[in-house]
Structures are given as structure tokens and as C-alpha cells.
Amino acid sequence: MTGFRGMRFVKDLIKRFTPKRESLTGNESVSDKHLEESTTTTTQTTLTVMKRHKWSLVLGVSVIVLTAVITFAGRQYVQAGMVNVYHVMLDGQEIGIVSDNKIIEEYKQRRPQEVQQNFPDVHVVLKTNGVTYRPEKAYNPQTDDLAVLAALDKLLVPQPVGIELKVDGKTIAIVKDQQTADKILEQVSAPFAPKAKETSKVAVLSASLGEDISTAPSELEKVEFVQQVDQLEVPVEPKDLANPEDVVKKLKTGDVQPAKYTVVEGDCVSCIAKKLGITKQFIYDKNPGIQDDKLKIGNQLDVTVLKPTLSVKTTEKVVQNQEIQYDTEYVKDDSLRVGVVQPISPGKNGLKKVTIQVTKVDGLMTEEKLVNEEIINQTVTAKVKKGTKVIKGEGSGKFAWPVVSPSISSTFGMRWGKLHKGIDITGNKSIMAADNGKVTETGYKSDYGNYIIINHLNGYETLYGHLSQITITDGAIVEKGDKIGIMGSTGDSTGVHLHFEVHNNGGLENPLKYLNR
């Protein structure tokens with residue numbers, strides 16, 4: 001206060017003894033000499049006053065300096081005591097204060113692992129997402145890292161969870177974790193996928209009577225489940241977790257109990273199949289001891305039809321090489337009698353690569369689809385001299401598709417140890433003669449249903465099976481393209497289609513050898 005008064009006193013003295021400068025207007029003026037004298041007098045007066053009050057002035061200045069020093073030192077002291085701390089919260093509610101945010105980050109990583117080790121038989125979830133922190137800079141704050149971590153341990157409750165497996169919306173079981181669920185589904189699907197050596201490269205095969213397309217090397221295109229499979233994480237009691245082996249068994253076999261059938265007098269394989277609504281092939285597969293369809297009265301057959309809870313559908317690609325029958329060009333010769341044929345130049349069969357898409361459900365083939373044909377070697381047409389008197393009904397040796405807009409549903413070859421003697425065709429339901437010929441047989445058989453056989457009078461015969469109606473009579477002469485019947489599903493048939501066979505001099509031939517797209 002004394003220093004402040006001294007400064008103000010000095011300012012007042014200077015103000016009092018400093019003459020005011022007046023405006024220089026008209027005749028009123030102050031000479032430069034007078035001004036100089038006034039200034040000198042004022043300065044001297046000021047010095048005299050400052051000498052008289054120098055201790056008051058010095059003291060005031062000292063107070064100001066001391067105050068500034070104390071203020072600066074105080075600020076430095078406070079700054080030195082300021083540190084970063086972190087307010088820890090759980091779901092928005094503060095738990096306490098920690099000294100470093102790394103403590104919380106490490107806790108959120110470490111604690112779930114520690115909890116899982118304490119529950120080895122069940123998967124547990126510790127929801128640490130709600131743990132957050134807010135930074136603050138404070139002076140000498142009070143933190144307690146251990147207390148905060150202990151509080152989190154108490155408030156964060158571990159929750160045992162499992163994976164609920166559902167098939168078509170129905171809960172099958174709850175298993176330990178996602179890894180266990182994936183392994184179960186893999187065990188269900190693995191037996192129906194081609195082995196690795198079969199899927200590495202598509203094999204090119206040559207068609208023969210012994211070829212079994214159901215087991216032919218193939219390239220796996222897709223593996224999927226027929227039913228809808230859902231996997232959900234749900235809370236669970238450890239005692240409610242299912243045994244993985246039991247789950248696999250349930251998915252594969254369902255709840256079906258073994259079934260037996262006792263053979264009675266008059267039974268046959270196809271008769272039993274129709275009676276039970278199953279296929280002959282199923283009976284053969286389940287009972288490999290059956291030979292040549294011979295059954296003994298009293299024998300018990302295994303007719304257990306498993307209904308898997310979860311069925312596996314595979315889509316595979318099979319590539320085969322198939323021969324293409326060459327055409328024959330007939331040159332009429334009046335010098336030759338009817339029926340006499342003389343070769344002019346030989347023909348040569350061609351070769352084509354056929355790609356077939358095979359669909360299986362639980363390892364059993366349900367569909368075949370011819371998706372592509374690629375000509376490898378072209379045929380060479382044979383030339384033959386022939387008598388001018390053409391016998392009515394004699395075939396040309398070149399076959400046409402017996403169905404308009406054909407689609408192949410099953411190809412020629414072995415099926416699970418049995419020979420499929422022809423090809424199955426779907427499309428327009430009108431059945432036509434594949435070439436000129438004479439109808440030599442019509443009727444009904446348990447395996448073919450309603451059928452027609454046409455002799456083409458040149459070594460070839462064709463058979464048409466599973467017809468719903470026969471529109472031609474025995475002994476009739478037909479030309480290529482004539483309607484002979486209507487497609488159906490009679491006999492041992494799994495659906496509406498035409499079963500078409502080609503015989504050459506008594507031997508079976510693959511019809512695809514003669515039919516091209």
C-alpha cells in the first residue's frame with residue numbers, strides 16, 4: 001500500500017508543476033525561452049520531490065515485484081501437482097478412479113480369459129463392453145486401482161452360453177460352443193462328399209456296361225443341407241448341454257426304430273417294395289444277401305427307412321467319353337435284290353465328351369442332368385449299296401429323339417450294383433418311333449410297366465417303357481416320328497418319364513451313342 005501511495009504522490013506532483021500549454025491563437029503565445037525555463041523548473045522540482053519520497057517509492061515497487069513472484073511460484077507449484085486420472089464407469093455409473101487407462105484396457109482383455117479358465121466345461125461370456133472411462137486432470141487426486149478392479153470383478157457376472165442348433169425351426173440340441181456346432185455339422189455332411197482324390201480332377205471315362213455313374217469319379221460343386229439350419233447363441237445351464245456324439249446320431253438317423261418284414265408266400269422284391277412304398281433298390285441295398293430276386297418264405301428283411309433329421313444334398317459333375325454311332329448312306333442299286341447290302345466305304349464312330357450334373361441326397365442319386373456335350377472326334381459316314389426294293393418298315397440306322405424337347409433325368413449304366421439298361425427322358429408326353437420299323441411286342445411288365453418294342457429290321461431294336469397308354473398295335477409298320485404312345489409312370493417308376501433302350505443284334509447299347517443334341 002505504501003509503494004502504491006508513493007507512486008501516486010509522484011504522479012500528482014508532476015501534474016501540479018507542469019504548466020498547461022495553451023492554444024496559440026492571435027497574439028497569445030509563449031516564447032520558446034519561457035517554455036524551456038518552465039520545463040527546467042518542473043524537472044528540478046520533480047527530482048527534489050523524488051528524493052524526499054524515495055523510500056516510499058522503492059517500497060511500493062518491491063511489493064509489486066514480490067506479489068508477482070509469489071503468484072508465479074504458486075502457479076508452478078500447482079502445475080507440478082496436476083496429474084491425469086480416469087473415472088471408471090459401468091453402464092454409465094461411476095465405479096471409482098484409476099491412475100492409468102491401460103489398467104482398464106488390460107483388465108477387459110485379461111478378465112474374460114481368467115473366467116473361461118474357471119469354467120472349462122462350458123463357454124462363458126463376460127460382457128465388458130459396458131466398462132468405460134473418462135479422463136480428467138486433477139491436483140493430487142485420490143485413486144485406488146485395486147478397489148476399482150475388485151468392484152468390477154463383483155459387478156461383472158459371467159454368463160454360461162451355448163449354441164442352439166435348430167433344423168427347420170425345431171430345436172435339436174444346445175452344444176458347448178460354435179466350434180463344437182461346426183464339428184457336428186461337418187461330421188453329418190462328410191460321409192456324402194466325394195473323397196479328396198475324386199474331387200481333385202474330373203476323370204474322363206469311356207462308357208461301358210459296367211460303368212456305375214453313382215460311384216464314378218466326380219468333381220464336387222456344392223454341399224448343402226436340405227433343411228434350414230440355424231445356430232443361435234443362448235444362455236444355458238451347464239447340465240443342459242448335449243453330448244456331441246448323441247447330436248450327430250440324432251441328426252443322421254432321426255428317431256426311427258429298426259423295422260423288419262417277414263417274407264410270405266407269393267412275395268417278390270417288387271411286390272414288397274410296392275406294398276411298403278419303397279424302391280426295389282432300397283431292399284437290395286439293405287439286404288445284400290438277396291440273389292436273383294429269390295426270396296424264402298419266413299426270411300426277415302431289413303426295411304428300416306431312416307429319416308434323417310438333417311439331410312445332405314451334394315451336387316457333383318461327372319465327365320464321360322461316349323461313342324457316337326456313325327451314319328450310313330445307302331446308295332440304291334437296281335442290280336441288287338431287296339435286302340442285299342454291299343459296302344462301298346466303311347464308317348467310323350466318333351467320340352464326344354459328355355458332362356453330367358448329378359444330384360444326391362444322403363448319398364442316393366436323385367437327379368441326373370446332361371449339361372453339355374463336346375464333340376472330340378467326328379463320325380465318318382459309311383456308304384453302302386442297297387437293293388432298290390425297300391422293305392417297308394426297315395430302319396435307316398439313324399435314330400431320332402422319341403420325345404420332343406427332351407431332357408435326360410437318368411443316364412445309362414450301373415446304379416448301386418444294378419444295370420440301368422437305357423436312359424430316362426422327360427419332355428413332351430407324346431412318344432414317337434425313333435426310326436422306321438415293325439412293332440413286334442406290346443404289353444405290361446412289373447419293371448417296365450406298359451412297354452413297346454420296335455424291330456427296325458436292320459439289327460436294331462428299341463424299347464419304350466413306363467407308358468401310360470399304348471396307341472399302336474402289335475405287327476404295325478411305323479415310320480420315324482410316328483406317335484406310338486403316351487408318357488407315364490407305370491411299373492417300377494419313380495415319376496413320369498420315358499425309359500428308352502437301344503439293342504443292337506441282341507446286345508445293349510448306350511442310347512446316347514445314337515442321340516445327339
Side-chain angles (χ1 to χ4, degrees), residues 82-190 223-225 227-252 309-310:
M82 297 288 281
V83 294
N84 289 324
V85 295
Y86 299 86
H87 295 262
V88 180
M89 288 160 285
L90 177 61
D91 296 330
Q93 176 135 11
E94 185 165 330
I95 304 301
I97 303 175
V98 295
S99 58
D100 195 336
N101 63 332
K102 291 182 180 178
I103 295 173
I104 300 303
E105 294 295 344
E106 291 173 358
Y107 176 86
K108 292 170 72 173
Q109 293 290 328
R110 169 181 50 82
R111 184 57 180 164
Q113 297 175 4
E114 292 176 349
V115 170
Q116 183 61 67
Q117 291 174 357
N118 295 331
F119 297 89
D121 298 327
V122 66
H123 179 59
V124 294
V125 171
L126 193 71
K127 295 182 179 180
T128 60
N129 294 338
V131 179
T132 58
Y133 50 82
R134 175 175 55 82
E136 181 188 19
K137 201 161 190 176
Y139 174 70
N140 285 337
Q142 296 298 315
T143 63
D144 194 338
D145 299 345
L146 294 178
V148 171
L149 296 183
L152 289 176
D153 284 346
K154 185 176 180 180
L155 294 171
L156 291 174
V157 180
Q159 173 62 62
V161 297
I163 299 298
E164 182 181 31
L165 278 176
K166 286 187 172 185
V167 176
D168 281 345
K170 180 182 178 182
T171 298
I172 303 301
I174 300 176
V175 295
K176 178 181 177 181
D177 51 25
Q178 188 63 55
Q179 183 180 3
T180 304
D182 292 341
K183 187 174 180 181
I184 288 171
L185 296 176
E186 182 182 353
Q187 286 181 287
V188 173
S189 63
V223 178
E224 56 189 329
F225 294 114
Q227 295 83 6
Q228 174 68 36
V229 178
D230 295 309
Q231 303 174 62
L232 307 172
E233 186 177 81
V234 296
V236 67
E237 292 294 332
K239 62 182 178 61
D240 295 331
L241 292 177
N243 185 319
E245 293 181 0
D246 295 339
V247 178
V248 171
K249 183 178 180 181
K250 184 174 183 178
L251 291 174
K252 283 185 174 182
T309 303
L310 188 59

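Distance check, rounded to the nearest 0.5 Å: CE of M89 to OG1 of T132 gives 4.0 Å. Between K108 atom NZ and N129 atom CG the span is 6.5 Å, to the nearest 0.5 Å. With values rounded to the nearest 0.5 angstrom, I174 atom CD1 is found 7.5 Å from L241 atom CG. Distance check, rounded to the nearest 0.5 Å: NZ of K252 to CD1 of I184 gives 11.5 Å. Here L155 contributes atom CG and D91 contributes atom CG; the two are 9.5 Å apart, rounded to the nearest 0.5 Å. To the nearest 0.5 angstrom, T143 atom OG1 is 12.0 Å from N84 atom CG.
Residues satisfying the side chain to side chain donor-acceptor pair (under 3.5 Å) criterion with H87, sequence neighbours excluded, are E94, E136. By the side chain to side chain donor-acceptor pair (under 3.5 Å) test, S189 pairs with no residue at all, sequence neighbours left out. Residues meeting the side chain to side chain donor-acceptor pair (under 3.5 Å) test with D177, sequence neighbours left out: T180. A search for side chain to side chain donor-acceptor pair (under 3.5 Å) contacts involving T128 returns nothing, not counting sequence neighbours. Y86 meets the ring-ring contact (aromatic ring centres under 6.0 Å, His included) test with Y133; sequence neighbours excluded.
Looking at P135 and N101, their side chains never come closer than 4.5 Å, going by heavy atoms from C-beta outward.
Under the side chain to side chain donor-acceptor pair (under 3.5 Å) criterion, the residue pairs touching residues 155-169 are E164-T171, with sequence neighbours excluded.
Tested against Q178, the residues H123, E233, K183, Q231 include a single side chain to side chain donor-acceptor pair (under 3.5 Å) partner, Q231.
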